[in-house]
Amino acid sequence: MSDQPLAVFDPLTTYQEYPVREMVARSATFAAEMRRRRTVRQFSDRAVPEEVIRHCLVAAGSAPSGANMQPWHFVVVLSPGLKREIRAAAEAEEARFYREGPADWLAALAPLGTDEHKPYLETAPYLIVVFAQRYGRGPDGKRVKHYYVMESVGIACGVLITALHRAGLATLTHTPSPMGFLNRVLGRPSSERPVMIVVTGYPAPDAVVPRITRKPLDAIASFR
Ligand code: IYR
C-alpha cells in the first residue's frame, strides 16, 4: 500500500475565456508591452513600495514547476549593508572575468558595453536574489526530491521579470559568476544554488540602453 496522498480534483473555476477578437487584441497588446522591456543598467534610488515587489513575487511563485515542488526561494535585499557586500563581492568576481575571461565570451558581450563596475547593486532599491533548491525538506526533515529545477526556476524568473515590467519597473538580470558568495552573504543553505540577481527599481532619468535588435518571429519560430 502506497502512503502517497491521492490526487484530489476541483472544478477549473479560474480559467477565463475571451472572445476571439479580444484574444487577438490582448495578445497583440501584451507583445507590444513586452517589446518595450529593456534591460537597464542605470537605476534611480527612488523608493518603490514593497507591496509592488510582494505582488510580483506572488506572480513569480505561480509559475509551473516539476511535480509542483516550487523549487525556488527569493531573497529581497533592501539593506544597504548587504547590498554593499553583494556589490563588493560581485565586482571582485567580475573584475577577474573582464580581465581574464574567455575571449569569445568577452567579444560576444562587447556590443552590450558591460564592464566590472556594478554601482546599480547599491543604487537600486531592491535586489531580488533567486535561489534554486536542488532538493527540499519534508516536515520530518527528510530530503524531498525536486525535478526540472532549472527549468522551473527559469520560468519563475521569467514571470517575475514580466510582472516587474508590467508594474512599471525596470530590471536587470545579473548573473555574477561564480555566485557562491550569495549563499554566505544571505545565509542560504548549500542545498540552494543562486541563479540570478534581478535588480529592480526605477531607471535613472538619464538611463541609456545599448542599440540592439531582436530576432524577428520567423527567425525564432516555425509552424509546420
Ligand atoms: N556577468 C557579467 C558578464 C555578463 C555576461 C552575460 I552572458 C551578459 O549577458 C551580460 C554580462 C556582468 O554582469 O557584467
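Just follow the structure's listing: the first ligand is 1, and inside any ligand the first atom is 1. Here the structure is a predicted model, which is why all the values come from computation and not from measurement.
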Show which atoms of ligand 1 fall inside a sub-4.0 Å distance from at least one heavy-atom site of Phe97. 3 (C)
His117 and Asp115 have their tightest heavy-atom pair at N-OD1, 2.9 Å
Have a look at ligand 1 and work out which part of Glu116, if any, has a heavy atom under 4.0 Å from it: side chain, backbone, both or neither. neither
Per-atom contacts, ligand 1 versus His174 - under 4.0 Å to a heavy atom: 13 (O)
If you have a sec, work out which protein heavy atom is nearest atom 2 (C) of ligand 1 and how many Å separate them, to one decimal? Glu94 OE1, 3.0 Å
Do any N/O atoms on Lys118 end up under 3.5 angstrom from N/O atoms on ligand 1? yes
In the hydrophobic clustering that connects Ile, Leu, Val, Met, Phe, Trp and Tyr at side-chain heavy-atom distances below 4.5 Å, which members other than Ile220 occupy its cluster, ordered by chain and number? Leu217
protein heavy-atom neighbour closest to atom 7 (I) of ligand 1 works out as Trp105 NE1, 3.5 Å
Distance alone, cut at 3.5 Å: any donor-acceptor contact between the side chains of Tyr147 and Ser152? no
Identity and separation of the nearest protein heavy atom to atom 3 (C) of ligand 1: Tyr98 OH, 3.3 Å
Donor-acceptor pairs under 3.5 Å, side chain of residues 153-176 to any protein atom, not counting sequence neighbours: which ones?
residue	atom	partner	partner atom	Å
Thr162	OG1	Gly158	O	2.7
His165	NE2	Glu33	O	2.6

Nearest to atom 4 (C) of ligand 1, what protein heavy atom do you find, and at what distance? Leu109 CD1, 3.5 Å
What's the shortest heavy-atom distance between His146 and Arg134, and which atoms? CB-O, 3.6 Å
Cationic N near anionic O, under 4.0 Å, Glu51 to Arg54: no
